[in-house]
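Below is one structure, written out as structure tokens, with a few remarks after it.
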Amino acid sequence: MPTLTEHAEPLHSSGPSVVSAQIAERLNGVRERLAAVGRPDVKIIAVSKTFPADTVVAALQAGVADLGESYAQELVAKHALVGEAIPSNAVDEPTWHFIGGLQRNKVRKIAGVVDLWHSVDRLSLAKEIAKHAPGARILVQVDISGEDTKNGCAPDAVGELVDAALTEGLRVEGLMGIAVRSDPAAARPGFRLLRGLADAHGLAEVSMGMSADLEIAAEEGSTMIRVGSALFGPRT
Ligand SMILES: *Cc1c(COP(=O)(O)O)cnc(C)c1O
């Protein structure tokens, strides 16, 4: 079996490796932060972008079950390397979440790998996913930042996009949002808006909260947080 070091470094993943014991300690820290706000039930998605595949393997050994990736090429490369590195009986198969901005022409490449698509923000993308991964589980990404960002549909367009995605045969499980990054306290209104939109459309899952604002997201009804630097340290 080839070892990780025999492969060329995948795109973006050029940062240093992080060892399992350190990730386990930090994972515990994140769990404590969730417990401190009464939400130990929130799912933790480990976002390893820029870190190499052996760090992902270390995360799985540390007890991580959900992996988040932001770049299509990096996802494909890491998925292959992680699959080789882990004996199938060592840890359960991880769940792979695609959380980054997604171009339509990248969908086919990752369709066989993604378990939950977090960043579906337009009908053309939903159609492409339905074509290459019929019946896929998705979240509709909503722009909750109030900033003029590229990613996320407008809050008042959620119903239409959810209905259209359902018509395409996709399983719409919930909504995803990225809060204003400047100041964690400023994130709360956006999180509250997203939870309210999910409830209004009868959707159970809400993907919101990152390393800096996960308590606020959890308090506002997040069901899954996407955590990078709090588990792996700063990105290079
Ligand atoms: C990078 C990223 C995260 C993790 O960010 P941290 O601040 O390092 O926790 C979460 N969500 C998305 C969409 C990201 O791109």
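Read the numbers this way: they start at 1 and go in the same order the structure lists the ligands and their atoms.
Of the charged side-chain nitrogens involved, none lies within less than 4.0 Å of a carboxylate oxygen, so that Glu219 and Arg39 do not count as a salt-bridged pair.
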Given side-chain contact (heavy atoms from CB on, under 4.5 Å), test Arg235 with Phe51 step by step and report yes or no.
CA-CA 8 Å; Arg235 286 180 289 273; Phe51 289 93; 3.9 Å; yes
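Separating the CD1 atom in Ile45 from the CE atom in Met210 is a distance of 12.0 Å, to the nearest 0.5 Å.
Under the 3.5 Å distance criterion, with hydrogens and angles disregarded, no donor-acceptor pair is assigned to the side chains of Gln141 and Ser119.
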Short N or O contacts of ligand 1 with protein, under 3.5 Å, listed by atom name?
unit_1: ligand 1; atom_1: 8 (O); unit_2: Ser229; atom_2: N; d: 2.8
unit_1: ligand 1; atom_1: 8 (O); unit_2: Ser229; atom_2: OG; d: 3.1
unit_1: ligand 1; atom_1: 8 (O); unit_2: Arg235; atom_2: NH1; d: 2.8
unit_1: ligand 1; atom_1: 8 (O); unit_2: Arg235; atom_2: NH2; d: 3.2
unit_1: ligand 1; atom_1: 9 (O); unit_2: Ser211; atom_2: N; d: 3.0
unit_1: ligand 1; atom_1: 9 (O); unit_2: Ser211; atom_2: OG; d: 2.5
unit_1: ligand 1; atom_1: 9 (O); unit_2: Gly228; atom_2: N; d: 2.8
unit_1: ligand 1; atom_1: 11 (N); unit_2: Arg226; atom_2: NE; d: 2.9
unit_1: ligand 1; atom_1: 15 (O); unit_2: Lys49; atom_2: NZ; d: 2.6

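Between His118 and His97, the angle of the ring planes goes over 60°, which puts this pair in the perpendicular group of the 30/60° scheme.
Among the candidates Ile138, Ile99, Leu125, the single residue satisfying the side chain to side chain contact (heavy atoms under 4.5 Å, CB included) test with Trp117 is Ile138.
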